[in-house]
Amino acid sequence: MGQYKKLFKFRKLLMFLWVILLPITFNWMSPVLIIMGGFEGYISMSFVIFTIWFISSLFFGRAFCAYGCQWGAAQEVFGDVIPKKLDPAKKQKRRKIKYIVFILWIIFVALGPILNLGYQYGFNPYYPTPEDPTGIISWNEFEIGLLIFYLGILGSVVILFTIVGGKRSFCNYACPMGVLGVLGTKIKNALKYPSLHLEADVEKCTDCKQCLKACEMGLDVNELVQSGNMYDPNCILCGSCVSTCRQDVIKYVWKWKK
Ligand code: SF4
Ligand code: SF4
Ligand code: SF4
């Protein structure tokens, strides 16, 4: 259990780092820029990163959401500051919204290259800025002002989502990139090759519900434990439940079958 406590601390630190790095990396994981790039004939950095995320989900499920996403990090950090509990049944219904968003998103992602018959200008790691990935190095004061304004709006949206819907509510209800991870997880579970899972030893569970309180995605972890099946498409394999459980009921496993 000690190693999971360390992992928990490491992940929380990582979340802070992602938030601090957001002004530099925000162009690299943008569901909007991947579409804009496609219409202008560019493969953007977001395209590359989302492709890597999808491939990683074929082995590590949605772990990229827990360790590698700046937007998830921002929601989690604000969610820790502004705690809000929502009825799990209401949450479960709202979680379906992201699949509709995903279908619309993927249509627009595909539309650009279909209309342009491909990405005629190839990969541009700096897209949409001409010279550097952030723009910060080459931008003038006015452009940096615009960047601060833009980040202010993004920050407000994250805070608003958190106030209205609770921690990681954008992840839960609206994020199309998260659905890429759901698809990857479903594929790996269907094909049953070695991959990362959660496993629970229900016999050891004392029903204390601490795992439920700790879940970053607001899942009813206790119910998952009792059902004997820890798979949930909304689980991001963050490990908070693993490190919280004093009885060592839940653990990470790398195995052939779900
Ligand atoms: S669901 Fe979306 S915003 Fe949330 S962590 Fe995953 S990719 Fe990032
Ligand atoms: S924290 Fe552990 S013991 Fe408590 S309900 Fe969850 S799985 Fe069971
Ligand atoms: S069930 Fe556990 S691993 Fe999955 S999101 Fe919740 S706390 Fe994280």
Side-chain angles (χ1 to χ4, degrees), residues 15 18 22 26 29-36 38 46-47 49-51 53-54 56-58 61-112 153-190 198 212-224 227 229-238 240-241:
M15 295 293 98
W18 273 125
L22 227 160
F26 73 103
M29 305 175 199
S30 165
V32 178
L33 290 185
I34 188 175
I35 294 174
M36 284 169 55
S46 300
F47 182 104
I49 287 182
F50 294 158
T51 305
W53 281 4
F54 175 68
S56 84
S57 69
L58 294 170
R62 291 188 62 186
F64 65 77
C65 289
Y67 292 86
C69 178
Q70 59 195 7
W71 305 120
Q75 294 172 69
E76 196 172 312
V77 169
F78 282 117
D80 283 334
V81 180
I82 321 166
K84 179 179 172 87
K85 294 280 169 218
L86 282 186
D87 175 8
K90 265 190 201 163
K91 264 190 162 177
Q92 204 54 31
K93 272 191 196 162
R94 289 182 197 168
R95 283 187 177 114
K96 296 194 174 85
I97 298 169
K98 64 177 173 287
Y99 296 102
I100 299 167
V101 178
F102 174 75
I103 291 167
L104 293 173
W105 180 66
I106 215 76
I107 288 172
F108 278 98
V109 169
L111 209 54
I153 290 180
L154 280 178
S156 311
V157 169
V158 168
I159 292 169
L160 197 70
F161 256 93
T162 310
I163 290 171
V164 175
K167 191 196 271 191
R168 281 190 179 260
S169 53
F170 181 74
C171 299
N172 263 312
Y173 312 133
C175 179
M177 297 93 75
V179 177
L180 286 176
V182 176
L183 287 178
T185 307
K186 284 195 184 289
I187 292 171
K188 81 178 178 63
N189 288 353
L198 284 185
L212 188 154
K213 289 183 197 157
C215 183
E216 308 292 0
M217 291 292 280
L219 304 178
D220 194 339
V221 191
N222 188 44
E223 197 178 287
L224 292 172
S227 75
N229 180 5
M230 291 301 290
Y231 170 69
D232 186 302
N234 302 293
C235 172
I236 56 172
L237 293 173
C238 65
S240 289
C241 57

K.L.:
Passes side-chain contact (heavy atoms from CB on, under 4.5 Å), L198 versus C241? Steps please.
P.N.:
CA-CA 10 Å; L198 284 185; C241 57; 4.1 Å; yes

K.L.:
Would you say S169's side chain and F161's backbone share a donor-acceptor pair under 3.5 angstrom?
P.N.:
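Confirmed, S169 side chain pairs with F161 backbone.
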
K.L.:
Could you tell me if the side chain of M230 sits less than 4.5 Å from the side chain of V221, heavy atoms only?
P.N.:
yes

K.L.:
Main chain of V158, side chain of W71: is a donor-acceptor contact present, judged purely on distance under 3.5 Å?
P.N.:
no

K.L.:
Specify the closest pair of heavy atoms between L180 and F102, including all atoms of both residues, with the distance to one decimal.
P.N.:
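Nearest pair, atom of L180 first, then F102: CD2-CE1, 3.9 Å.
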
K.L.:
Taking all atoms of both residues into account, what is the closest heavy-atom pair of G72 and C171, and its distance?
P.N.:
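Minimum heavy-atom contact is CA-SG, 4.0 Å.
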
K.L.:
Check whether more than 12 heavy atoms from other residues, nucleotides or ligands sit under 6.0 Å from atom CZ of F54, and answer yes or no.
P.N.:
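It does: F54 CZ has more than 12 such atoms within range.
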
K.L.:
How many angstroms lie between SG in C69 and CZ in F170, if you round to the nearest 0.5 Å?
P.N.:
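Taking SG in C69 and CZ in F170, the distance rounds to 9.0 Å.
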
K.L.:
Taking all atoms of both residues into account, what is the closest heavy-atom pair of W53 and G68, and its distance?
P.N.:
CZ2-O, 3.7 Å

K.L.:
Find out whether P233 and Y99 are in side-chain contact, i.e. whether some heavy atom of one side chain is under 4.5 Å from a heavy atom of the other.
P.N.:
yes

K.L.:
For N234, is there any backbone N or O sitting under 3.5 Å from a side-chain donor or acceptor partner on N172?
P.N.:
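Checked: no pair found.
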
K.L.:
Closest heavy-atom contact between M177 and M29?
P.N.:
CE-O, 4.4 Å

K.L.:
Please report the interatomic distance CD(Q70) to OG(S30), rounded to the nearest 0.5 Å.
P.N.:
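So the gap between those two atoms works out to 9.0 Å.
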
K.L.:
Rounded at 0.5 Å granularity, tell me how far CD1 in I49 sits from OG in S56.
P.N.:
11.5 Å

K.L.:
Work out which heavy atom in A174 is nearest to a heavy atom in V101; give both atom names and the distance.
P.N.:
O-CG1, 3.4 Å

K.L.:
CD1 of I236 to OG of S57: how many Å apart, nearest 0.5 Å?
P.N.:
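Output value for this atom pair is 13.5 Å.
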
K.L.:
Rounded to the nearest 0.5 Å, what separates atom CD1 in I35 from atom CD1 in I106?
P.N.:
9.0 Å

K.L.:
Side-chain contact, heavy-atom cut-off 4.5 Å: R95 with L219?
P.N.:
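When only atoms from C-beta onward are counted, L219 and R95 do touch, with a gap below 4.5 Å.
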
K.L.:
Return each pair, listed once, that meets salt bridge (Lys or Arg N to Asp or Glu O under 4.0 Å) where at least one residue sits in residues 68-82; pairs must be two or more places apart or across chains.
P.N.:
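As it turns out, the salt bridge (Lys or Arg N to Asp or Glu O under 4.0 Å) pairs with a partner in residues 68-82, which skip direct neighbours, are R11-E76, K12-E76, K12-D80, E76-R168, D80-K167.
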
K.L.:
What pair of heavy atoms forms the shortest contact from S240 to A214, and how long is it?
P.N.:
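Closest heavy-atom pair between S240 and A214: CB-O, 3.5 Å.
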
K.L.:
Which value, rounded to the nearest 0.5 Å, describes the distance between W18 atom CH2 and Y67 atom OH?
P.N.:
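One finds 14.0 Å between CH2 of W18 and OH of Y67.
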
K.L.:
Would you say that W105 contacts K98 through its side chain, given a criterion of any heavy-atom pair below 4.5 Å between the two side chains?
P.N.:
no

K.L.:
Is any side-chain heavy atom of R62 closer than 4.5 Å to a side-chain heavy atom of T185?
P.N.:
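SC-SC contact between R62 and T185 confirmed.
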
